There are 2 protein chains.
Amino acid sequence: MRETLMAAARLTVQAHGYNALSFRELAQEVGIKSASVHHHFPTKGALAAALARRYTEDGVAYLSDLLARSSNPTWCMDRYVEIFRSALTNDNRMCLCGIMSAELDDLPPEVRSEIDAFTATNVEWIAKVLEFSKSKTSAQERLDRAIAIFSAIEGAQLVARGGQDISIFDRSVQAYRRAGLIP
Amino acid sequence: MRETLMAAARLTVQAHGYNALSFRELAQEVGIKSASVHHHFPTKGALAAALARRYTEDGVAYLSDLLARSSNPTWCMDRYVEIFRSALTNDNRMCLCGIMSAELDDLPPEVRSEIDAFTATNVEWIAKVLEFSKSKTSAQERLDRAIAIFSAIEGAQLVARGGQDISIFDRSVQAYRRAGLIP
DNA sequence: ACCTGAACACCGTTCAAGT
DNA sequence: ACCTGAACACCGTTCAAGT
């Protein structure tokens with residue numbers, strides 16, 4: 001039941017955000033009453049924090065696997081970009097942590113710290129990919145560029161979603177590449 | 001009263017988003033009852049659409065003035081970036097249309113079209129700035145790069161807000177510049 | 001024209017009560 | 001352990017009623 005609730009809630013948050021997540025609707029989806037949801041997750045914040053933690057764990061597992069398979073930065077970044085693109089093709093959804101970043105002021109502290117953890121793991125992974133490139137760069141330069149790449153991809157997803165036009169995402173990423181921001 | 005309501009509502013939406021905007025709180029802020037707000041704006045969607053339209057109009061006026069004053073692309077983009085940065089320094093707020101893009105599925109159609117209009121005017125302005133640069137590029141190339149710049153800046157704002165750390169914004173923009181994405 | 005109280009169906013949360 | 005109905009203070013919206 002806990003897993004069923006998380007699966008349904010994740011889809012809702014990626015599509016509508018934290019504020020639009022309703023315990024009543026969620027309960028109806030999985031066939032229990034809203035008061036019963038609180039038995040599995042004491043508050044809405046606890047549920048959202050659990051979602052974000054799982055989201056990060058799943059992401060880290062997938063990304064680690066990519067690193068183990070290849071040390072080609074372009075190939076790695078292609079796979080990375082594809083993760084964000086597939087959220088859009090899946091009913092115009094967004095990165096769970098991206099959409100919740102926009103709602104930051106409505107999030108309990110435990111959710112905010114999960115967002116920070118998600119960002120940190122993504123940036124670290126991108127920085128590792130940048131290490132594959134030949135050019136000599138300092139660790140700080142790689143981290144700065146990694147956070148810029150992460151921000152740029154999140155932004156392309158946000159704007160493409162706002163316009164309900166995936167070509168905005170594709171053209172943005174292509175321009176990032178052409179400028180040399182993304183390997 | 002209409003202007004008072006819009007001013008208060010804009011600050012709330014830039015800080016908390018569309019879903020968190022409450023007619024009851026808004027009414028209390030300006031000293032009337034929530035039912036009375038509906039006299040000025042029939043629905044929450046109508047209020048949000050009016051906010052977005054005004055936001056775009058104000059933005060266009062400011063950006064046109066910049067173009068009239070200088071044809072230096074770096075100077076123009078510095079001023080442009082500063083607009084997004086100042087939202088963050090103003091109580092960690094976001095671009096009105098950026099935050100609402102994340103809530104897209106909860107927005108009535110009239111708000112969505114205002115978001116599209118905002119994005120279009122911003123992209124057109126950036127494309128004009130790119131024309132100032134010496135390099136020979138086609139109109140399509142400039143538009144693609146303009147949308148990438150817009151997406152990248154929105155993304156830097158989103159991620160910096162999520163981490164409540166303006167240095168994320170600054171480091172991202174600096175990396176965009178270093179890569180040659182932004183003039 | 002502008003405002004209001006009351007009602008409607010929603011929301012997250014709490015709690016005593018059931019199995 | 002897991003679920004429930006009922007209550008609480010919220011929400012946007014509607015409407016008849018006031019000035």
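We name chains A, B, ... by the order of the sequence lines, and we start the count at 1 in each one. Computation of the quantities below employed the complete heavy-atom set of this structure, encompassing side-chain atoms and omitting hydrogens, waters and symmetry-equivalent molecules. Remember, it's a predicted structure, so these values are computed and weren't measured experimentally.
Both A:Glu25 and A:Pro42 sit near DNA chain C, but only A:Glu25 has its closest nucleotide nearer the 5' end. Take the nearest nucleotide of DNA chain C for A:Ala35 and for A:Arg24: the residue whose nucleotide is more 5' is A:Arg24.
The aromatic rings of A:His38 and A:Phe23 sit tilted relative to each other, their planes meeting at an angle between 30° and 60°.
A salt bridge does not link B:Arg54 to B:Asp58: none of the charged nitrogens lies less than 4.0 Å from a carboxylate oxygen. Checked for salt-bridge contact, A:Asp116 and A:Arg112 miss the test: no charged N lies under 4.0 Å from a carboxylate O. Residues B:Arg85 and B:Asp170 are paired through a salt bridge, judged by an N-O separation under 4.0 Å between the basic side chain and the carboxylate.
In summary, contact between chain A and DNA chain D, defined as any nucleotide atom under 4.0 Å from a heavy atom of the protein, begins and ends at D:dA1 to D:dG5 in the 5' to 3' direction.
In A:Gln164, the CD atom is crowded: over 12 heavy atoms of neighbouring residues, nucleotides or ligands sit closer than 6.0 Å.
Across all strands, B:Leu21 comes closer than 4.0 Å only to sugar-phosphate atoms, never to a base (heavy-atom distances). If you check every strand for non-hydrogen atoms under 4.0 Å, B:Ser22 touches sugar and phosphate atoms only.
Among all heavy-atom pairs drawn from B:Tyr176 and B:Ala156, the shortest one is OH-CB, 4.0 Å.
In this structure a side-chain-to-backbone donor-acceptor pair under 3.5 Å is present from A:Glu103 to A:Asn19. Without hydrogens or angle criteria, B:Asn90 side chain to B:Ser86 main chain gives no donor-acceptor distance under 3.5 Å.
With a cut-off of 3.5 Å on both pairing distances, the Watson-Crick and G-U wobble pairs of DNA chain D assemble into stems of 3 or more at C:4-8 with D:12-16, C:12-16 with D:4-8.
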